[in-house]
Amino acid sequence: MAGEAKTPAIPSYRSLAALREAARGCTACPLHEAATQTVFGEGPAHARLLLVGETPGDQEDRIGRPFVGPAGKLLDRCLAAAGIARDQAYVTNVVKHFKWTPRGKRRLHAKPNAMEIRACRPWLEAEIALVKPAMIVCLGATAAQALLGAQFRVTRRRGEFVPSPLARLVMATIHPSALLRAEPEQREAEIERFVADLKVAAAALEKA
Ligand code: URA
């Protein structure tokens, strides 16, 4: 049926390397057609913290790594300010192919739809099952709603731990792209709020 996700049946992969390799050929939704490559998660195999964003952006699509473009650089800066070493975290996205629309020579990021999120979900579930993080931090509404339910509102519950079978500690906060879009006069205050959320995560992770 048109618009239906051909969700891949993911056998129980024993390692992230095998899972990553399998995801390279994913055609479960049409996004693979216009993307350069699958942008799989990266980080220590048993990271205690798993960060999940929405979809790779233009630079992530070209380079093949999550959060390496402008939003990723800001994320790195904020993680460092909160005392979290990025290389100790497993960083991934809900959807693993870049979704874009052309604007002249530029490729503008587009939001994944419910079918694309559903099609990609088995990869994220398998990553979580293999990494077994003590804490998951959802970056933005797409990640939060994909993992915590469509009714979840980041605006109301950011920085709060919410019960979830996915990990002992699960929290959502805003996406670093929202900080890049913030009005210049509000940006630093918004960055500080984001860092404050990450500090709450860091403190809880230390005790977990
Ligand atoms: N935004 C995301 O959600 N993920 C990335 O990897 C880059 C930008």
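Order of appearance sets the numbers: ligands from 1, and atoms from 1 within every ligand.
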At under 4.0 Å between heavy atoms, which part of E54 makes contact with ligand 1: side chain, backbone, both or neither? both

Please verify whether a non-hydrogen atom of G72 lies at under 4.0 Å from ligand 1. no

Numbering the atoms of ligand 1 from 1, which are under 4.0 Å from a heavy atom of G53? 3 (O)

Note the single closest protein heavy atom to atom 4 (N) of ligand 1, along with its residue, its atom name and the distance in Å. N93 OD1, 2.7 Å

Proximity flag H175 to ligand 1, non-hydrogen atoms under 4.0 Å: yes

Side chain or backbone, does S177 bring an N or O within less than 3.5 Å of an N or O on ligand 1? no

Would you call D197-R193 a salt bridge at under 4.0 Å N-O? no

Regarding ligand 1, does A71 bring an N or O atom to under 3.5 Å of one of the ligand's N or O atoms? no

Closest contact, heavy atoms only, V52 versus N93: CG2-C, 3.9 Å

Give a yes or no on whether a salt bridge exists between E192 and K199, defined as a side-chain N under 4.0 angstrom from a carboxylate O. no

For P70, does its backbone N or O pair with a side-chain atom of Q59 as donor and acceptor, under 3.5 Å? no

Examine distances only and state if a side-chain atom of E206 and a backbone atom of A203 form a donor-acceptor pair shorter than 3.5 Å. no

Just by distance, do the side chain of Q37 and the backbone of R62 share a donor-acceptor pair under 3.5 Å? yes

Provide the number and element of each atom of ligand 1 under 4.0 Å from a heavy atom of P56. 5 (C), 6 (O)

Atom 5 (C) of ligand 1: the protein heavy-atom neighbour that sits closest, reported with distance to 0.1 Å: T55 O, 3.4 Å

Is any side-chain heavy atom of H175 closer than 4.5 Å to one of T142? no

